[in-house]
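Presented below is the structure to which this report refers.
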Amino acid sequence: MNISELITVIVYDYLWGLPLVVLILGVGAYLTFRTGFFQFSFFGRSIQLAKKSVMGDKADSPGDKAGILSSFEAMSMALGTTIGVGNIGGVAAAIALGGPGAVFWMWIAGLFGLVVKTVEITLAVYYRSKNSRGESYGGPNYYIHKGIGIEKNKKMLAKLLGILFAFGYVLAIFINIQTYTVSEAVAGTFNFNINVVAVVYTIALYIMISGGMKQLGKIATIIVPFMCIFYIVGGLIVVLLNIQNLIPSFGLIIASAFTKTAAVGGFAGAGVKLALTSGLSRSVFSNEAGWGSAPMIHASAKINHPLKQGLLGIFEVFFDTVVVCSLTALVIIITGQWSSGLDGATLTLSAFESGMGSFGRIILTVGIFFFGLTTSSGVYTQIEVVLRYILGDTALKERLLTGYKWFYPIPSAALVFIASKHGLPGTTVWLISDAATAFPIFANMIALFMLTPVFLKLVEDYKARYMKKGSVDPDFNVFYEGSNEENKVDRAS
């Protein structure tokens with residue numbers, strides 16, 4: 001058994017084995033039924049709020065609570081993190097490993113992810129904390145501590161889940177896929193040395209994160225809309241040029257989800273289990289629903305009701321998975337490149353080149369570079385929120401966070417050097433990344449299950465305040481900090 005086979009067994013038989021798969025699908029189904037198919041009944045309202053957010057319309061949000069980012073900046077940063085290398089290299093890696101059937105399971109996870117992401121963003125905004133400067137921070141660690149540890153008086157469970165989540169996220173500092181994916185794409189397209197590309201990308205990343213969250217929010221509002229339109233137009237051109245293969249491609253995706261995909265061309269073949277696990281992991285990595293990452297950005301938004309920001313989660317998952325990831329998958333399958341034996345970003349680039357010529361590959365490579373920067377900087381912000389929670393009110397907190405800013409890009413660049421030296425294929429590097437996501441997902445999904453009643457109360461309050469359904473309870477606190485309960489996390493962060 002070589003190293004790639006060993007990593008595959010560890011990740012998909014243990015870390016991403018049956019318990020985690022059941023947890024993701026089970027909690028997703030539970031939230032769907034418990035909320036009355038919320039992601040479908042509120043879909044239209046989510047699109048409307050996203051449109052207002054983009055247009056900068058604040059008429060629906062008088063007296064916004066203090067925060068660091070505008071609602072649009074928070075959404076742009078979250079989309080910049082989700083719509084990136086996971087859509088380009090991640091989807092390709094899932095297909096290269098699990099076959100076309102992985103796309104079907106990616107869609108299923110995405111349907112549940114619509115409500116999962118709404119719940120986690122809403123809870124993150126509700127339970128967020130402010131520091132002495134009035135800056136808001138929140139995320140799974142915060143709602144695990146406050147919602148489970150304090151409100152439910154399950155301190156040991158909250159501590160265990162908090163440690164598991166934080167461990168997985170801090171691990172992400174050392175197992176970061178973005179630099180590798182960008183370096184692989186640029187080096188392969190322009191015949192550069194992959195290590196040199198990694199160094200250039202790392203320098204650009206330092207420039208991006210130097211100004212902190214506020215600067216990243218403003219940059220994201222400029223880059224993200226442009227690169228999304230750019231990628232979608234390019235993908236649609238490839239699909240239209242190969243429109244005769246569209247229906248057969250859908251048929252292959254569905255058939256391969258329930259039957260073994262035989263080896264063909266450079267594709268080694270894959271069973272249903274591998275299609276299922278690779279599809280689920282890529283969906284979560286791409287749209288981040290259940291991972292608990294995007295809520296750490298949304299928690300810093302200026303908003304006057306948690307569910308208003310939470311509803312943007314439906315739009316994010318829909319746009320990320322149903323639109324962008326599906327487009328990537330169709331380009332790869334419709335051009336026949338899925339069986340070429342390539343993987344990761346190289347496979348997607350090959351598919352675009354097959355459909356549009358060398359010009360398409362070059363343009364997409366430039367896009368990948370910027371996709372990677374927004375993703376990497378977004379992950380930087382998310383890990384900073386976790387570290388702020390861990391460090392609490394220590395005197396050295398700001399110095400340690402400064403040290404983190406300088407250290408963050410280094411392990412990601414080191415992964416490129418290691419993969420290059422040992423000749424690790426792209427699918428193996430993505431598998432290593434999957435290992436880091438398993439721990440926080442496990443802790444976060446349990447927390448969402450336990451805190452569903454809180455979300456339902458916020459939904460009822462939102463309906464009464466903004467949809468004229470029911471009466472507003474004057475004693476209901478829209479934000480947790482509005483209650484009389486005080487705790488150390490509030491003061492510490």
Side-chain angles (χ1 to χ4, degrees), residues 1-29 85-87 89-113 116 164 168 171-172 175 177 252-263 267-293 317 320-321 325-326 328-329 332-333 338-339 343-344 347 424-446:
M1 181 181 293
N2 58 38
I3 187 170
S4 296
E5 293 172 338
L6 177 61
I7 294 174
T8 301
V9 170
I10 292 173
V11 174
Y12 285 149
D13 283 0
Y14 295 98
L15 294 178
W16 272 92
L18 186 61
L20 188 57
V21 169
V22 170
L23 183 65
I24 292 173
L25 295 180
V27 173
V85 298
N87 301 84
V91 173
I95 296 173
L97 189 64
V103 180
F104 176 84
W105 296 112
M106 180 185 70
W107 288 337
I108 296 299
L111 287 177
F112 289 142
V116 169
L164 192 62
L171 189 64
I175 305 176
I177 194 70
L252 181 62
I253 289 170
I254 296 172
S256 301
F258 301 98
T259 59
K260 181 178 180 179
T261 306
F267 180 67
V272 174
K273 179 182 177 182
L274 194 55
L276 171 63
T277 52
S278 59
L280 287 179
S281 62
R282 290 281 59 78
S283 177
V284 173
F285 186 92
S286 179
N287 61 46
E288 299 187 5
W291 192 4
S293 48
V317 175
D320 176 273
T321 304
C325 283
S326 296
T328 300
I332 292 171
I333 296 172
W338 71 273
S339 60
D343 57 48
L347 173 55
L424 297 179
T427 49
T428 301
V429 181
W430 276 98
L431 284 169
I432 295 172
S433 178
D434 287 339
T437 66
F439 297 107
I441 291 170
F442 191 86
N444 188 46
M445 294 301 280
I446 292 176

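Residues Ser326 and Trp107 approach most closely at OG-NE1, 2.7 Å, considering heavy atoms. When every heavy atom of Phe442 is checked against every heavy atom of Leu164, the shortest pair comes out as CD2-CD2, 3.8 Å. The two residues Trp291 and Pro440 make their nearest non-hydrogen contact at NE1-CG, 3.5 Å.
Applying the ring-ring contact (aromatic ring centres under 6.0 Å, His included) criterion to Phe104, with sequence neighbours excluded, gives Phe258. By the side-chain contact (heavy atoms from CB on, under 4.5 Å) test, Thr261 is found to be paired with Pro100, Ser256, Phe267, Trp338, residues two or more places apart in sequence or in another chain being considered. Considering only residues two or more places apart in sequence or on other chains, Leu276 meets the side-chain contact (heavy atoms from CB on, under 4.5 Å) condition with Val21, Trp105, Leu280.
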Run the side-chain donor-acceptor check on residues 89-99: report pairs under 3.5 Å with partners two or more places apart or on a different chain.
none

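Separation of atoms OG1 (Thr321) and CD1 (Ile108) is listed at 12.0 Å; rounding is to 0.5 Å. Atom CD1 of residue Ile253 and atom CD1 of residue Ile333 lie 4.0 Å apart, to the nearest 0.5 angstrom. Rounding to the nearest 0.5 Å places CD1 of Ile254 at 11.5 Å from OG1 of Thr259.
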